[in-house]
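Per chain, numbering begins at 1; letters A, B, ... match sequence-line order.
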Amino acid sequence: MSVTHRLWYGNTGPVLVVIAAIMVLWYGFVVVLNAPWERDQAGRAGTTITTSQLIANTMAQERPVLPAPHQVIAELWDTTVNKNITSKRSLVYHGWITLSATLLGFVIGTLFGILIAVGIIHSRAMSASVMPWVVASQTIPILAIAPMIIVVLNAVGLSGLLPKALISTYLSFFPIVVGMVKGLRSPEAIQLDLMHTYSASRWQIFRKLRWPSAMPYLFTSMKVAVAISLVGAIVGELPTGAVAGLGARLLAGSYYGQTIQIWSALFAAAALAAGLVMIVGIAHRMVLKRMGMAA
Amino acid sequence: MNTTLVIGAVVFWLSAWAINEWLVRLKPAGVAGARAIGLAVPFLFGVSLLVLWEGITRGFHVPTVLLPPPSMIWARIINSLPILAADFRQTFLKAVIVGYAAGCGLGFIVAILIDRSPFLQRGLLPLGNFVSALPIIGIAPIMVMWFGFDWQSKAAVVIIMTFFPMLVNTVQGLAASGSMERDLMRTYAAGYWQTLYKLRLPAASPFIFNALKINSTLALIGAIVAEFFGTPIVGMGFRISTEVGRMNVDMVWAEIAVAALSGSVFYGVVTLIERAVTFWHPSVRGG
């Protein structure tokens, strides 16, 4: 098979074509959405503006309705590479603050979720009474409580990383519980019977059968959990009065109409999410490979 | 500190737990009995949590700014029904319902449109999966700038948030019918649309309902969070963020209770429709 054939019939080619189409559409919208302001400016100055000049201007506005992709990329480059990492203008600084809250919340949420799942597996009363509430609580817009948790914890003197991490914990703990309960229950009756014939204790069954067979479920849930943790951390930064973090960048950008800043924060968040999901995915593959379960 | 209240609440909680332990060990005779126990156990657990909450906040004199007792929240709900109703109308009936319907509808239509082009499917599916993992909520300030402070900007956020899960799930669902069944449709000389309507859409409905359920939660979150970036002076997100600033925590909790209730009812309605439509699916038959 030639390279071009593989590109075309694999996923890479189509994805690239779709991305290219999105870029073309984006530039089209940049011209359409930003043109009224340029015309208005020209009208006020009493000059007429040529079409080519108009199009060039729409892509270089300082506060465009929709910034052009190259403006966003330039801003990203400027705020990550050209600024000192400790500077408040550096996106790396803000990204790190969000990332640390995300990771702390994700780790606590994962451990807590596994603990609850183990309890649900081993106690029928807990399974019957807690599980419906775990499912029901997923339908509740937890993110709506985020500002209150932050403000209230601030009032009692807890501020900084932990309140944001708690929101991430709350969000990431649900997918883990649901996935782990499913995973820990996934061994079939015949396998459990085999463990019984070995006269294995509850702990041994857990350690040697339930835990390993729950691994694929755990990692699938962790991918969802880490993405949602990031959302939690970003929303958690909104009510703190735009101090630091990607969420604060979004809020400050919307206050001052700095659209390029909003878009670059958005792209940074997207890159962070993609990176986190990818790392979990790599860990997933490595663990399954070591356990001899790789597909 | 009022020890009797605390001890009373803990005793109630422990006895509820004991009753639950006893209930799950019962072997009821009929289906109705089993169902009653299945409802009673989580109900009792929920009630005991509320009692424990009430007892601890009152017993230890927890400042109401930190965590108001449930009775106080309930009183606040009763007292401010008109405000809560207005917020509910603004956020739920306008932004959520409109955005949800438009987002899910658009996702569905685009999935049908690209169904005949494997090339577009291969291009859009990985991107759709990728976008589903992104913090799309961050688009809220941009939408508020574009569409103004009223509910239209919130509906736009909800549309974007619900579009991708629907697209991805519908495309996957349309591929779910087996080749045997499709061959059968061919031997009947069924056209593309007949096959789609009679075989592939029913086969895809578990996937589609999965997306509808995911989206019901996402839509409410999207609308509420988008209101943090600017609203007219009504709406659930607006109320939460302003009352937090004024330290009226009981009002915030009342709003959260309304949000939780409407979110659960929304989810429940979608689940009921799912049960009616996909009655043939193993997970509904109870297999």
With a 6.0 Å cut-off (strictly less than), is the heavy-atom count around [atom1] of [X], excluding the residue itself, greater than 12?
{"X": "B:K94", "atom1": "NZ", "value": "yes"}
{"X": "A:W96", "atom1": "CH2", "value": "no"}
{"X": "B:F119", "atom1": "CZ", "value": "yes"}

Cut-off 4.5 Å, heavy atoms of chain A, and the answer for B:L49 is neither
Hits for side-chain contact (heavy atoms from CB on, under 4.5 Å) against A:I22, two or more places apart or cross-chain, chain-then-number order -> A:V18, B:L127
Contacts of A:L272 meeting side-chain contact (heavy atoms from CB on, under 4.5 Å) (sequence neighbours excluded), chain-then-number -> A:L99, A:L230, A:L246
Max heavy-atom pairs within cutoff under 4.5 Å with chain A, candidates B:I139, B:L44, B:V249, goes to B:I139
Item checked: pair B:L120-A:V17: side-chain heavy atoms closer than 4.5 Å -> no
Counting heavy-atom pairs under 4.5 Å with chain B, the top scorer among A:V277, A:L66, A:T259 is A:L66
Checked A:I228, A:L250, A:I19, A:V226 vs chain B; the most non-hydrogen pairs under 4.5 Å come from A:L250
In short, A:V15 meets B:R122 closest at the heavy-atom pair CG2-O, 3.8 Å
